[in-house]
2 protein chains.
Amino acid sequence: MKLTGQRRTIAHVLSESDDHPDVEELYRRATAVDPRISIATVYRTVRLFEENGILRRRDFGGGRARYETTDHGDHFHLIDVDTGNVMEFDDEELKALLAGIGARMGYEIATTRLELYGRRLKKKDR
Amino acid sequence: MKLTGQRRTIAHVLSESDDHPDVEELYRRATAVDPRISIATVYRTVRLFEENGILRRRDFGGGRARYETTDHGDHFHLIDVDTGNVMEFDDEELKALLAGIGARMGYEIATTRLELYGRRLKKKDR
DNA sequence: CTAGATGCAAAGAGTTTGCACGAGT
DNA sequence: ACTCGTGCAAACTCTTTGCATCTAG
């Protein structure tokens with residue numbers, strides 16, 4: 001894997017991002033650092049990084065893929081339907097339950113896609 | 001909502017389908033019954049039905065939307081990664097756990113998207 | 001020096017839409 | 001009749017790709 005200027009820039013942008021940007025957003029952030037980057041390169045790089053396990057592709061609907069670095073492990077997402085804000089969570093009991101359900105159906109679970117879409121509870125309800 | 005021949009045909013095809021067809025597959029099945037249906041009409045009808053709560057749109061990846069009738073209630077999906085076969089399951093404990101996690105994070109869950117992607121266990125492992 | 005990366009624009013895939021014609025109530 | 005639906009093709013959005021050029025190792 002050749003370390004080009006573009007790849008370095010995109011990798012840097014990714015390491016600074018703790019949200020879940022789509023390609024266009026990555027392109028925006030990358031060209032802000034170095035304008036000599038094309039959107040095609042962002043697509044190609046993102047795919048390369050995904051193949052090398054550096055990035056994980058997520059699909060939260062809306063037709064565009066979004067990306068997150070793999071370096072903070074396995075987790076699920078809770079999306080605020082009003083703000084679009086994406087939060088992460090993890091739960092061992094949940095993981096165990098899912099694996100059990102899969103096994104009961106005769107399957108070994110390879111990937112789980114779990115997203116909760118919710119609305120913030122009012123203070124008085126919490 | 002005007003009951004046209006095309007809509008009647010598409011509705012009929014849907015009622016016969018217990019899988020999760022995409023638009024192209026619906027188009028194929030519908031034109032087999034009545035060839036005077038265009039793909040644009042299938043797209044429009046599917047959207048209409050979704051807005052009226054008759055259909056639910058699902059996205060199992062692969063870039064195309066897939067549809068299922070809403071008349072068999074709330075459930076989750078297990079997708080066989082080798083065959084692409086989609087199975088449905090339900091689990092009360094799981095639902096309760098998810099609601100609890102949401103509440104703990106200060107959210108009321110509106111929608112859940114949960115798909116397990118797995119590989120059939122070999123007989124000896126089951 | 002040379003394999004591989006980039007930019008650009010064109011091509012793809014899935015989906016939507018403008019417009020004139022056609023059909024349901 | 002009059003409104004709404006349909007077919008067709010063009011338009012749109014996101015993503016990929018062919019090709020000539022450039023660059024890292």
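Note on naming: letters A, B, ... go to the chains in the order of the sequence lines (proteins, then strands), and numbering restarts at 1 for each one.
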Return the value, rounded to whole Å, for the distance between atom CG of D22(A) and atom C1' of dT13(D).
12 Å
Separation of dT17(D) P from L48(A) CG (nearest whole Å)
14 Å
Does T4(A) have a side-chain nitrogen or oxygen under 4.0 Å from the phosphate oxygens OP1 or OP2 of dT6(C)?
yes
Side-chain N,O (R7(A)) to OP1/OP2 (dT6(C)) below 4.0 Å
yes
Using atom types as modelled and distance alone, determine if a side-chain donor or acceptor of T83(A) lies under 3.5 Å from a backbone N or O of N85(A).
yes
So which nucleotide from dG5(D), dT16(C), dT6(D) ends up closest to the side chain of Q6(B)?
dT6(D)
Any side-chain to backbone donor/acceptor pair from R7(A) onto K2(A)? Under 3.5 Å, distance only.
yes
Would you tell me if any nitrogen or oxygen in the side chain of R47(A) comes within less than 4.0 Å of OP1 or OP2 on dT17(D)?
yes
Side-chain N or O of T41(A) closer than 4.0 Å to phosphate OP1/OP2 of dA5(C):
no
Can we say D19(B) and R29(B) salt-bridge, meaning some charged N sits less than 4.0 Å from an Asp/Glu carboxylate O?
yes
Return the 5'-most residue of the pair V42(B), I39(A) with respect to DNA chain D, ranking by each residue's nearest nucleotide.
V42(B)
Is the shortest side-chain N to carboxylate O distance from K95(B) to D90(B) below 4.0 Å?
yes
To the nearest angstrom, how far is K2(A) atom NZ from dT2(C) atom C1'?
8 Å
Out of dT6(C), dC14(D), dG14(C), which nucleotide sits closest to the side chain of T45(A)?
dT6(C)
Separation of dT15(D) P from R66(A) CZ (nearest whole Å):
12 Å
Closest to side chain of E24(A), choosing from dC14(D), dT6(D), dG24(C):
dC14(D)
L114(B) side, atom CG; L98(A) side, atom CG - distance, nearest 0.5 Å
6.0 Å
Rounding to a whole Å, what distance do you find between R64(A):CZ and dC14(D):P?
4 Å
For D59(B) and dA13(C), what is the distance between atoms CG and C1' respectively, to the nearest whole Å?
14 Å
Hey, which of these two, G63(B) or R8(B), hits DNA chain C nearer its 5' end, going by closest nucleotide?
G63(B)
Between T9(A) and D34(A), is there a donor-acceptor pair closer than 3.5 Å when you use the side chain of the first and the backbone of the second?
no
In whole angstrom, give the distance that lies between atom CG of D34(B) and atom C1' of dG7(D).
13 Å
Please determine whether a side-chain nitrogen or oxygen atom of Y43(B) lies at a distance below 4.0 Å from atom OP1 or OP2 of dT16(C).
no
How bent is the helix from dC1(C)-dG25(D) to dT25(C)-dA1(D), comparing axes over its five end pairs at each side, to the nearest 10°?
30°
Taking atom P of dT6(D) as reference, at what distance in whole Å does atom CG of L3(B) sit?
10 Å
Relative to the ring of H75(A), is the ring of H72(A) parallel (under 30°), tilted (30 to 60°) or perpendicular (over 60°)?
parallel
Ignoring hydrogens and geometry, is there a side-chain-to-backbone donor-acceptor pair from R66(A) to H20(A) under 3.5 Å?
yes
Quick one: is R44(B) getting a side-chain N or O under 4.0 Å of the dT6(D) phosphate, OP1 or OP2?
no
Nucleotide nearest S38(A) when distance is taken to its side chain, options dT15(C), dC8(C), dT23(D):
dC8(C)
